[in-house]
Amino acid sequence: MAITALTFDLDDTLWNNRPVLERAEAGHYQWLSDALAAASPDAGNAFMAHYPLHAYQQHRADVAQRFPLKRGDFTWIRERALFEMVEAYGLPRLRARLWAAHAIAHFLDLRHDLTPYPEVVAMLDTLRRSYRIAAITNGNADLKRLDLADHFSVMIAAGELHAPKPDPRAFLAALARLRARPSQALHVGDSWREDVLPAQRLGMQVAWIDAKNEGPRELPPGVYRLTHVRELPTLLARLAG
């Protein structure tokens with residue numbers, strides 16, 4: 001059956017996400033520590049001296065364990081962890097909530113300071129003339145804050161649905177909004193567990209971005225290995241032929 005719809009993962013599919021997250025992770029936490037020091041110059045220990053970055057990362061894991069229904073909502077988990085740590089640092093509850101919210105706002109500013117791969121904008125501009133296109137992401141990248149938003153008719157934040165990939169509900173929600181059956185859709189993503197397996201099990205075809213050539217040699221039917229998203233138009237032309 002002809003492909004009429006495309007669904008895309010975002011992080012590490014349309015851009016290199018690791019440096020973005022590393023910069024945002026360190027940047028917002030340093031901002032919070034500096035801001036707390038400026039607001040409370042008489043504090044005995046700087047916030048980061050009391051709670052180094054690795055302590056924040058561990059506390060996020062603890063929060064995710066305590067709130068399993070929020071496991072895919074990374075923004076909520078970050079903000080909750082910061083709130084609890086700032087309160088434990090000695091601030092009143094309301095002020096701790098406000099500082100955590102300010103720090104997350106700074107994190108999201110840094111999180112969206114990203115550059116898609118050079119080929120992505122032109123590629124999506126061409127593809128949307130022939131296909132209905134959706135984004136399905138577990139991450140907290142908000143397409144509405146990026147110029148890429150105009151290329152997608154549907155955007156699914158799977159974590160906010162409390163159904164992060166590989167849960168099939170995010171894929172089914174996208175397909176329903178695209179008015180496409182699984183056999184009419186191709187998913188594009190970099191994760192074997194979170195992209196390839198759930199989409200393939202639903203009956204979608206999959207363009208797997210195996211950038212490091214780390215995947216199995218034998219692929220399931222309907223799964224196609226790419227090394228970069230720039231190869232997608234060639235694959236689609238081959239499938240259409």
Side-chain angles (χ1 to χ4, degrees), residues 9-114 135-146 155-167 169-170 189-191 193-195 198:
D9 172 57
L10 298 179
D11 293 332
D12 294 315
T13 295
L14 298 184
W15 55 78
N16 181 9
N17 198 50
R18 181 172 180 176
V20 175
L21 276 186
E22 287 178 348
R23 185 173 64 249
E25 175 90 333
H28 86 291
Y29 203 60
Q30 183 68 59
W31 177 91
L32 176 61
S33 184
D34 292 346
L36 289 174
S40 304
D42 296 329
N45 291 316
F47 180 74
M48 280 187 69
H50 201 69
Y51 295 111
L53 182 59
H54 66 81
Y56 169 42
Q57 293 164 340
Q58 179 58 56
H59 196 62
R60 292 206 308 264
D62 295 340
V63 170
Q65 289 290 324
R66 286 190 280 121
F67 297 93
L69 292 180
K70 292 287 192 178
R71 69 191 188 280
D73 191 343
F74 301 120
T75 302
W76 188 92
I77 289 171
R78 283 179 176 277
E79 186 166 347
R80 177 74 189 197
L82 287 173
F83 155 64
E84 292 181 359
M85 293 171 69
V86 173
E87 186 179 34
Y89 179 61
L91 270 70
R93 174 160 289 212
L94 179 57
R95 288 186 63 200
R97 288 193 183 279
L98 289 172
W99 277 116
H102 284 311
I104 288 300
H106 190 64
F107 170 82
L108 291 173
D109 286 342
L110 296 171
R111 171 74 169 95
H112 291 88
D113 182 13
L114 58 86
I136 307 174
T137 181
N138 279 1
N140 46 17
D142 182 357
L143 276 176
K144 294 188 290 293
R145 298 181 65 162
L146 303 173
M155 291 171 271
I156 304 289
E160 294 174 10
L161 290 178
H162 307 304
K165 299 180 294 181
D167 192 304
R169 286 175 287 177
D190 69 292
S191 172
R193 177 178 177 271
E194 296 178 356
D195 292 304

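Here, residue 1 is the first one in the sequence, and each next residue gets the next number.
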Tell me whether Arg145 is salt-bridged to Asp113, with the criterion being a basic N under 4.0 Å from an acidic carboxylate O.
no

Over 12 foreign heavy atoms within 6.0 Å of CD, Gln65:
no

Tell me if a side-chain donor or acceptor on His59 pairs with a main-chain N or O of Met85 at a distance below 3.5 Å.
no

N-O pairing of Arg80 and Asp73 below 4.0 Å
no

Whether the side chain of Thr75 engages the backbone of Asn140 through a donor-acceptor N/O pair (distance < 3.5 Å, no angle test) should be reported.
no

Give a yes or no answer on whether the side chain of Asp12 reaches the backbone of Asn17 with a donor-acceptor pair at less than 3.5 Å.
yes

Side chain Asp195, main chain Ser191, donor-acceptor under 3.5 Å:
yes

With a 3.5 Å distance limit and no angle check, can you tell me whether Lys165 reaches the backbone of Ile136 through a side-chain donor-acceptor pair?
yes

Could you walk me through whether Arg66 and Glu84 pass the side chain to side chain contact (heavy atoms under 4.5 Å, CB included) check?
CA-CA 13 Å; Arg66 286 190 280 121; Glu84 292 181 359; 2.6 Å; yes

Decide side chain to side chain contact (heavy atoms under 4.5 Å, CB included) for Val86 and Leu32; before the verdict, give the C-alpha distance in whole Å, the side-chain angles of both, and the deciding distance to 0.1 Å.
CA-CA 10 Å; Val86 173; Leu32 176 61; 4.0 Å; yes

Evaluate Leu82 against His28 for side chain to side chain contact (heavy atoms under 4.5 Å, CB included), listing each step before the verdict.
CA-CA 11 Å; Leu82 287 173; His28 86 291; 4.1 Å; yes

Given the options Phe107, Tyr56, Trp99, Tyr29 meets ring-ring contact (aromatic ring centres under 6.0 Å, His included) only with Tyr56

Does the distance from a Lys or Arg side-chain N to an Asp or Glu carboxylate O, for Glu25 and Arg60, drop under 4.0 Å?
yes

